[in-house]
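Following: one structure in C-alpha cells, then a few remarks.
The chains referred to below are lettered A, B, ... by the order of the sequence lines, with proteins before strands, and numbering in each begins at 1. Keep in mind that what you see is a predicted model, and the values were worked out from it rather than measured. Side-chain atoms are counted along with the backbone in the values below, which use heavy atoms only and exclude waters and symmetry mates.
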Amino acid sequence: MFENCFDRLRQRSALVHNITNYVTVNDVANIILACGASPIMADEPEEAAEITAICTGLNINIGTLNQRTISSMFAAGKQAKALNHPVLLDPVGAGASTLRTDTARRIVDEIHPDVIRGNISEIKTLAQGSGTTQGVDADIADAVTEENLDDSIAFVKSFASSCGCIVAVTGAIDLVSDGDRCYVIRNGRPEMGRITGTGCQLSGMMTAFIASNPDNMLDAAAAAVSAMGLAGEIGWSHMQASDGNSTYRNRIIDAICNMTGTELKKGARYELR
Amino acid sequence: MFENCFDRLRQRSALVHNITNYVTVNDVANIILACGASPIMADEPEEAAEITAICTGLNINIGTLNQRTISSMFAAGKQAKALNHPVLLDPVGAGASTLRTDTARRIVDEIHPDVIRGNISEIKTLAQGSGTTQGVDADIADAVTEENLDDSIAFVKSFASSCGCIVAVTGAIDLVSDGDRCYVIRNGRPEMGRITGTGCQLSGMMTAFIASNPDNMLDAAAAAVSAMGLAGEIGWSHMQASDGNSTYRNRIIDAICNMTGTELKKGARYELR
Amino acid sequence: MFENCFDRLRQRSALVHNITNYVTVNDVANIILACGASPIMADEPEEAAEITAICTGLNINIGTLNQRTISSMFAAGKQAKALNHPVLLDPVGAGASTLRTDTARRIVDEIHPDVIRGNISEIKTLAQGSGTTQGVDADIADAVTEENLDDSIAFVKSFASSCGCIVAVTGAIDLVSDGDRCYVIRNGRPEMGRITGTGCQLSGMMTAFIASNPDNMLDAAAAAVSAMGLAGEIGWSHMQASDGNSTYRNRIIDAICNMTGTELKKGARYELR
C-alpha cells in the first residue's frame with residue numbers, strides 16, 4: 001500500500017503550494033523535490049488563490065505566521081477546497097501563543113483541512129486546549145509512549161472523527177488516523193529531533209503524498225510518515241564520526257531522494273489499529 | 001574571455017544587493033560568497049535605495065514577492081539605474097500568477113534591467129504572454145532543444161533586442177544573447193533540476209559577474225551560466241552512492257568556491273551564434 | 001569556566017526566542033539545537049511578547065529588518081527585560097543604512113540589551129558613528145589586529161561601560177568585555193568569513209549560552225565565541241579537497257553538535273585583560 005502511494009507520487013509530479021515558515025522553507029522545498037513532486041511558495045494575499053489554483057495540493061504551516069500570511073492561508077485554503085485539492089495544516093507552535101492557537105483553530109473550523117499533522121502538544125492544544133508546549137516542540141509530559149498507547153490511539157481517533165479529517169501525530173511513536181482506523185508507526189530515530197524542521201519537511205512531503213493519492217489519503221499520509229522515519233534511519237546509517245545535525249539534515253533529504261517504493265515497503269514498521 | 005570575467009570577479013569583491021525570495025536566499029548568499037563577491041539582502045522600502053547605493057549590483061528576484069518587497073524592488077531598481085549599477089531581473093514564476101507576470105513586466109518596462117535571466121516559460125511569458133508555466137519550473141513543451149535551436153536563438157535574440165538588454169534563458173541548453181550575438185552553452189546536468197534554487201543561485205552569481213565586468217556584460221553573463229553548469233558537473237563527479245539532492249546542492253556551491261578562471265576556461269562548452 | 005558554561009547549556013534546554021533575518025535563520029536554528037537549546041522564531045507583533053514570555057532568552061538580529069519586525073523587536077525586547085530574560089542584539093549592517101543604524105541605536109537606548117555582538121564596523125558605528133561598513137561585513141580598515149590590540153581593548157571596554165552591557169566584537173581576534181575585564185580570543189579560521197551567517201549563528205548560540213548562565217554572562221558570552229571559533233577549527237580539519245564554503249557551514253554546526261565542555265576547555269585559546 002505504502003509502495004503504491006510512493007510510486008504514484010513519483011509518477012505524478014504534483015505541484016504543491018506551500019504557505020510555510022521561513023525557517024525551514026528551503027528544506028521543505030528540497031524534500032518535496034526529493035520525493036518527486038514540485039514546490040511553489042507564495043504567501044502574498046493578492047496571488048495566493050491564483051497560485052493554489054494551478055497546484056494540486058496545499059500545505060499550510062503556521063510556523064512564522066503574520067497578518068499578511070494568515071490572509072493568504074485563508075484565501076488559498078478556501079480556493080483549494082473549492083477545487084477539491086487536498087489541504088494539510090501543520091499547526092506549528094499551537095499553544096505557544098494565542099495567535100497561533102486561534103489561527104490553527106480557525107483554519108480547522110473554516111477551511112476543514114484534509115489532514116492535520118503536528119506533534120502531540122500541538123494536537124492536544126487543538127483538541128482540548130490542554131497541550132503544554134515547549135515552543136515548537138512537544139512537551140515530554142504529552143508524549144505518546146507504549147504505556148499510554150491505547151489511550152493515545154483513542155484520543156487521536158476521537159479528534160479525527162470530531163474534525164472529520166485525518167490526524168497525524170508524530171513523535172517517537174507516530175499515529176495516523178481517519179477516526180476509524182489508526183496507523184501506529186515505529187520508524188525514525190530520536191536524533192531527528194535535533195534537526196530543525198523535520199516536522200515541516202514531513203508536512204510538505206505528506207502534502208505531496210496526499211495530492212498524488214487523493215482517493216487514498218489515509219494510506220498516503222501514513223506512507224509519508226513511514227518514509228520520513230525510514231529516511232531518518234537510512235540517513236543515520238551513513239553518518240560519520242564527525243557528522244552532526246546539519247549533515248544529518250542533508251542525509252535525510254538525500255535518503256528520500258534515493259528511496260524507492262520497494263525500499264519503503266521493506267523498511268516500513270507499522271501496525272493498523 | 002570567461003576566464004578573464006571570472007578572474008575579475010575574484011579580484012573585485014563586489015557587494016551585491018539582493019531582493020530575493022526566502023526559499024533559496026541562504027544558498028544565494030553562499031554562492032555569491034563562493035564566487036568571490038559579498039551579498040547583502042535588504043527588502044524594506046525605507047532602506048532599499050540606500051542599501052543599493054553602497055553596492056555595485058542589484059539582483060531582483062520575484063520568487064516570493066509581496067507588496068512590501070515589490071515597493072523595494074522599484075525603489076532599489078531606480079536607484080541602481082541612476083547610479084549605473086548593473087541590474088538583473090529573475091522573473092521567478094512569471095506566468096504562474098497575474099501579480100508575478102505584471103510585476104516582472106513592469107520591472108522590465110520601468111527599470112530596464114541590464115539582464116533578464118529565467119527559464120524558457122518565464123521568458124516566453126514576458127515576451128509573448130504565451131509561456132505555459134509549471135509553477136516555478138519551465139513547461140517541457142517550451143524547452144529549448146537541438147531540434148528547435150535555430151528558432152529558439154532567433155526568439156531570444158529578438159526578445160533581447162526589443163528589451164534592449166541581455167536575456168539569459170537557462171535549461172538543458174542555455175542561451176545568452178544581447179540581441180546581436182547569442183551564446184549557446186551546454187554545461188550542466190539534468191539532476192540540477194531536482195535542487196531548489198539553482199536558478200536563483202545563478203541569478204545571484206550572475207549579478208556578481210556583471211557587477212564586476214560592467215563593460216562586458218554579455219560575456220560575463222554567459223561566463224556565469226557556464227560556471228554554474230560546470231559546477232553542476234564537478235559537484236556531480238563527487239557524489240557518493242547515498243548522496244541526493246540536498247548534498248548535491250552543497251557540492252555545487254563548493255565547486256564554485258574552488259573553481260579557478262583556468263578551470264572555467266577548460267570546462268566551458270559553448271558556441272557563439 | 002567555559003566548560004561549566006557549556007555543560008550548563010547542555011543541561012538546561014533553554015528555549016530561545018529569535019527575531020532574526022531570513023537569510024541565515026535555518027543555520028541559526030540548527031546551531032541552537034546543536035548546542036543543546038531550542039529555538040523558536042516569531043516576528044509578528046501580535047505574538048512577539050507572548051512568545052518571549054515562554055522563552056528564557058531573546059536574540060534580536062536586524063539583518064533583514066522591516067517595519068513589522070522592528071515593532072516585534074521592541075515588543076519582545078521590553079517584555080524580555082521586564083521578565084529578566086537575557087537579551088542579545090546583533091546589529092547586522094549598522095552603518096549600511098540609516099534605518100539599520102537608527103534601529104540598532106534605539107534598541108540599545110530603549111531596550112538595554114545584556115549583550116551586543118557584532119563585527120568591529122557595526123560596533124564602531126554604534127559607539128562613534130564612525131565605522132565604515134562593507135554591507136554586512138566589517139571594513140578591513142576597522143579590523144582588530146595585534147598592532148592595535150591595546151587601543152581596541154580600551155575602545156571595547158569603554159563602549160561596554162557606557163552602554164552598561166557586555167560587548168562582543170568578533171573578527172580575526174575576538175574581544176568580549178563587560179567594561180571591566182576583556183576576553184581576547186584567538187580561536188577560529190579566516191575561511192569562516194566565506195560562509196554567510198557565521199556571525200548570526202554565533203549570536204543565536206550566544207543567546208543560548210547567556211540564557212543558560214544568567215548569573216555569569218561575561219564568561220558565557222566569551223565561551224560562545226570560543227566555541228564557535230573552535231568549531232571552525234574542528235570543522236576545517238574535516239574538510240576534503242573538493243569541499244567548499246557550503247559544506248564548511250555544515251561541518252561547523254556539526255562540530256558544535258559533537259563538542260563537549262571538556263573539548264571546549266582544551267581547545268579554547270584566550271587571555272583575560
Side-chain angles (χ1 to χ4, degrees), chain A residues 13-56 64 66 68-69 72 201 231 234-235 237-239 246-259, chain B residues 20-30 41 43 61-71 92-103 121 132-140 191-201 239-251:
Chain A
S13 310
L15 185 58
V16 176
H17 180 194
N18 299 273
I19 301 178
T20 189
N21 69 76
Y22 57 81
V23 185
T24 63
V25 59
N26 185 264
D27 294 329
V28 170
N30 271 327
I31 206 164
I32 288 175
L33 285 161
C35 75
S38 291
I40 183 166
M41 278 64 180
D43 61 15
E44 159 62 35
E46 193 176 329
E47 70 167 357
E50 199 180 350
I51 292 290
T52 283
I54 61 164
C55 296
T56 53
T64 52
N66 61 50
R68 174 173 56 76
T69 59
S72 297
Q201 289 173 43
I234 294 169
S237 74
H238 296 298
M239 293 284 278
S246 191
T247 292
Y248 190 28
R249 175 260 315 267
N250 295 318
R251 292 194 191 280
I252 291 173
I253 299 173
D254 288 353
I256 292 292
C257 192
N258 289 315
M259 194 179 286
Chain B
T20 188
N21 69 76
Y22 58 82
V23 184
T24 63
V25 60
N26 185 264
D27 294 329
V28 169
N30 272 327
M41 278 64 179
D43 62 15
N61 174 311
I62 67 167
T64 51
L65 81 182
N66 61 52
Q67 296 300 353
R68 174 174 55 77
T69 59
I70 291 170
S71 294
V92 178
S97 78
T98 309
L99 180 66
R100 290 179 190 233
T101 305
D102 288 355
T103 301
S121 295
T132 56
T133 185
Q134 165 79 347
V136 293
D137 297 314
D139 193 293
I140 201 156
E191 294 85 356
M192 298 173 80
R194 285 195 73 183
I195 304 170
T196 190
T198 48
C200 302
Q201 290 173 43
M239 292 284 278
Q240 308 295 316
S242 62
D243 291 345
N245 63 332
S246 191
T247 291
Y248 190 28
R249 175 258 316 264
N250 295 317
R251 292 194 191 280

Find the one option among B:T69, B:L99, B:V92 whose heavy-atom pairs under 4.5 Å with chain A are most numerous. B:L99
Most heavy-atom pairs under 4.5 Å with chain B, out of A:I31, A:V28, A:I40, A:L33, belong to A:L33
Less than 4.5 Å to any heavy atom of chain B: does that hold for the side chain of A:N26, its backbone, both, or neither? both
Between A:A42, A:A34, A:G36, A:P39, the one whose heavy-atom pairs under 4.5 Å with chain B are most numerous: A:A34
Is there a donor-acceptor pair under 3.5 Å between the side chain of A:R68 and the backbone N or O of A:P45? no
B:Q240, part contacting chain A, at a heavy-atom distance under 4.5 Å: neither
Taking all non-hydrogen atoms of both residues, which atom of A:A255 and which atom of A:G235 are closest, and how far apart? CB-N, 4.3 Å
Proximity breakdown for A:S237 and chain B, heavy-atom pairs closer than 4.5 Å: neither
Here the gap from A:S72 atom OG to A:I51 atom CD1, rounded to the nearest 0.5 Å, amounts to 10.5 Å
dist B:Y22:OH -> A:T20:OG1 (nearest 0.5 Å) comes out at 7.5 Å
Side chain / backbone / both / neither for B:D27 at chain A, heavy atoms under 4.5 Å: side chain
How long is the gap from CG on B:N245 to CD1 on A:I253, to the nearest 0.5 Å? 7.0 Å
Option that, when pairs with chain B are counted at under 4.5 Å, heavy atom only, ranks first among A:T247, A:N258, A:D254: A:D254
Checking A:S38 side chain against A:L15 main chain: does a donor-acceptor pair fall under 3.5 Å? no
Look at A:H17, A:R249, A:R251, A:H238 and state which one has the largest set of heavy-atom pairs under 4.5 Å with chain B. A:H238
Between A:D43, A:N18, A:I234, which residue shows the highest count of heavy-atom pairs closer than 4.5 Å to chain B? A:D43
Point-to-point distance, once rounded to the nearest 0.5 Å, from OG1 of B:T24 to CG of B:N30: 11.5 Å
